Number of protein chains: 2
Amino acid sequence: MGQGTGKRRTREEILELSVPLFAEFGYYDVSMRDVAAACGLTPAAIYYHFSDKDHLYLEVVAHEFREKSAALLIDLNDSDAPWVRLEKFVTNLAHLAAKDEVFLRLIQWVRLDSEEKRQQKLAAHVLKDLFLVVHRLVTGLDCRCDPYLLSMSIVSLVLIPFEGRQIRKFMPGYRPEHDQPDVLARHVINLLRLGACQHHPAGE
Amino acid sequence: MGQGTGKRRTREEILELSVPLFAEFGYYDVSMRDVAAACGLTPAAIYYHFSDKDHLYLEVVAHEFREKSAALLIDLNDSDAPWVRLEKFVTNLAHLAAKDEVFLRLIQWVRLDSEEKRQQKLAAHVLKDLFLVVHRLVTGLDCRCDPYLLSMSIVSLVLIPFEGRQIRKFMPGYRPEHDQPDVLARHVINLLRLGACQHHPAGE
DNA sequence: GTCTATAGACGGATAGAC
DNA sequence: GTCTATCCGTCTATAGAC
């Protein structure tokens, strides 16, 4: 192997080791020194691979999304009925959110980004694909709702309970089972199918 | 009026002028110099009123929540039917979220806070009250759902579409009307009452 | 490719004059 | 109460040796 391969490998290692840092602390509260230390390198070495902090951050987020969002499409067969596919997707998303706090927090940081340009890039190149998957699932449902609003609702219903995991423990009515992805997925699916109240006492 | 009143007034002015700063940029990316400049003071003057940056931030968030969360209880009469009260609350929350980006972003910063102690304080003393209001509304609904999960769902459904306002514009299917609080509130209420699909073609 | 060393700006916080 | 002046640490980024 030539040097080119080694260079690429180091670059990827920097990305992978930076992901949890930026996920936990966000852009401003992670210094290039922190990144370098996590990689066992010096700051100067990081600058050899990435022109500046902004480019590093953008690539970190994009890298994490490429890695993780594939898991959401597992088990989604075109042969399944629309509601079955949606249920599988919701369950997959809940499991990803429950397991992967890193992925979840990166989405939050993107939503909060105070630099407009950077946020636009991330929205258009990174988040859009995830949203598109949901949008396609929803349009197959023969729904009364606006597909766009419904897509947004589905993502919100699944992700936000896990985003606020720490906070949620302090809210009245909390029980540990609320942290289980299958419990939340079931709740969301029921809500989407029937609403919050029981209309058919005989059915289901 | 004595000096004590003047001191309290300055202190409150600092709080009010700091709110939009911390809301937009978060804890780490707002310096005491920024706060001082926004108030027309020097950093040393800020330290006369607040012992350190952390205390200032905590009081800023608490102050904003005291100011704004009262608006959510407008029009909520005990004489109304449970579903009417919920609809009013959802509408109020949607309007607050649509109008008041400052309030909305502060909630996001609290959820993302990487300092556990600070986050716990804010969750227990600031967010809890808001959640309690929803929880009480929900328990009056005679619902099939877990009240805790349903409360979380309601808050998510209303707030998150406005939190991601900038991002949402880049997602497929977006139309400007999706930004109107009444449109979203209607969508959420319909979802809660009936689910995403139409079960009663003859009714409603 | 990675290092040491450093420039230059900015951060939180304090001392002491007024 | 608010100021000026300052301490001291950390930040991004670069220059140049190896």
Side-chain angles (χ1 to χ4, degrees), chain A residues 1-61 63 109 113-115 117-118 121, chain B residues 1-61 63 109 112-115 117-119 121:
Chain A
M1 287 192 199
Q3 287 186 340
T5 309
K7 179 175 172 179
R8 283 229 177 122
R9 185 73 202 110
T10 304
R11 200 186 137 93
E12 269 209 14
E13 263 182 25
I14 295 174
L15 286 178
E16 278 158 25
L17 293 169
S18 305
V19 166
L21 282 180
F22 284 113
E24 178 160 11
F25 302 107
Y27 180 85
Y28 286 103
D29 206 16
V30 171
S31 68
M32 296 301 265
R33 283 173 169 80
D34 295 332
V35 172
C39 300
L41 295 171
T42 57
I46 309 293
Y47 278 97
Y48 174 80
H49 294 278
F50 300 92
S51 64
D52 54 27
K53 190 183 173 182
D54 230 80
H55 278 75
L56 170 61
Y57 179 71
L58 285 172
E59 298 219 31
V60 160
V61 177
H63 179 269
W109 285 116
D113 204 317
S114 44
E115 286 208 18
K117 288 268 180 191
R118 190 168 58 201
K121 278 186 196 169
Chain B
M1 285 191 197
Q3 286 185 339
T5 310
K7 179 175 171 179
R8 283 225 178 127
R9 184 73 202 109
T10 302
R11 200 186 138 94
E12 268 209 15
E13 264 182 25
I14 295 174
L15 286 177
E16 279 158 25
L17 293 169
S18 304
V19 166
L21 283 180
F22 284 112
E24 177 160 12
F25 301 107
Y27 178 85
Y28 191 84
D29 202 21
V30 172
S31 68
M32 295 302 265
R33 285 173 170 80
D34 294 334
V35 172
C39 300
L41 294 172
T42 58
I46 309 293
Y47 279 96
Y48 174 80
H49 294 278
F50 300 92
S51 63
D52 55 25
K53 191 182 174 184
D54 231 78
H55 279 75
L56 170 62
Y57 178 72
L58 285 172
E59 298 218 30
V60 161
V61 178
H63 181 270
W109 285 116
L112 260 172
D113 204 316
S114 43
E115 287 208 19
K117 289 267 180 189
R118 192 168 59 201
Q119 190 183 44
K121 279 185 195 171

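Residue numbering restarts at 1 for every chain, and letters A, B, ... go by the order of the sequence lines. Remember, it's a predicted structure, so these values are computed and weren't measured experimentally.
Between A:Asp34 and A:Ser31 the shortest side-chain heavy-atom distance falls below 4.5 Å. Annotation: side chain of A:Leu41 is in contact with side chain of A:Ile14 (closest heavy-atom distance under 4.5 Å). Counting only heavy atoms from C-beta outward, the side chains of A:Val19 and A:Val61 never approach each other to under 4.5 Å.
Taken from NE2 in A:His49 to CZ in A:Arg8, the straight-line distance is 12.5 Å, to the nearest 0.5 Å.
At whole-Å resolution of the value, OH in A:Tyr57 and P in D:dT12 are 14 Å apart. Rounded to whole Å, atom P of D:dG1 lies 14 Å from atom CZ of B:Phe50. Straight-line distance from the CG atom of A:Leu56 to the P atom of D:dA13: 10 Å, rounded to whole Å. The distance from atom NE2 of A:His55 to atom P of D:dT12 is 16 Å, rounded to the nearest whole Å. For the pair B:Asp52 CG and C:dG12 C1', the interatomic distance rounds to 9 Å; values are reported in whole Å. One atom, NZ of A:Lys53, and another, P of D:dT14, lie 15 Å apart when rounded to the nearest Å. B:Ile14 has its CD1 atom 12 Å from the P atom of D:dG1, to the nearest Å.
In terms of heavy-atom proximity, B:Arg33 sits nearest to B:Pro43 at CG-CG, 3.9 Å. Minimum heavy-atom separation, B:Trp109 to B:Ala23: NE1-O, 2.8 Å. Counting all heavy atoms, side chain and backbone alike, B:Glu16 lies closest to B:Pro20 at O-CD, 3.3 Å. Of all the heavy atoms in A:Val30 and A:Lys53, the pair that sits closest is O-NZ, 2.7 Å.
Between A:His49 and B:Met32, it is A:His49 whose nearest contact on DNA chain C lies nearer the 5' terminus.
When the side-chain nitrogen and oxygen atoms of A:Thr10 are compared with OP1 and OP2 of C:dG1, none of them lie within a distance under 4.0 Å.
Using a 30° and 60° split on the angle between ring planes, B:Tyr27 and B:Tyr57 fall in the perpendicular class, above 60°.
Against DNA chain D, the stretch residues 19-31 of chain A makes heavy-atom approaches under 4.0 Å through A:Val30, A:Ser31. DNA chain D is contacted by A:Ala44, A:Tyr47 of residues 39-48 of chain A, taking any non-hydrogen atom closer than 4.0 Å.
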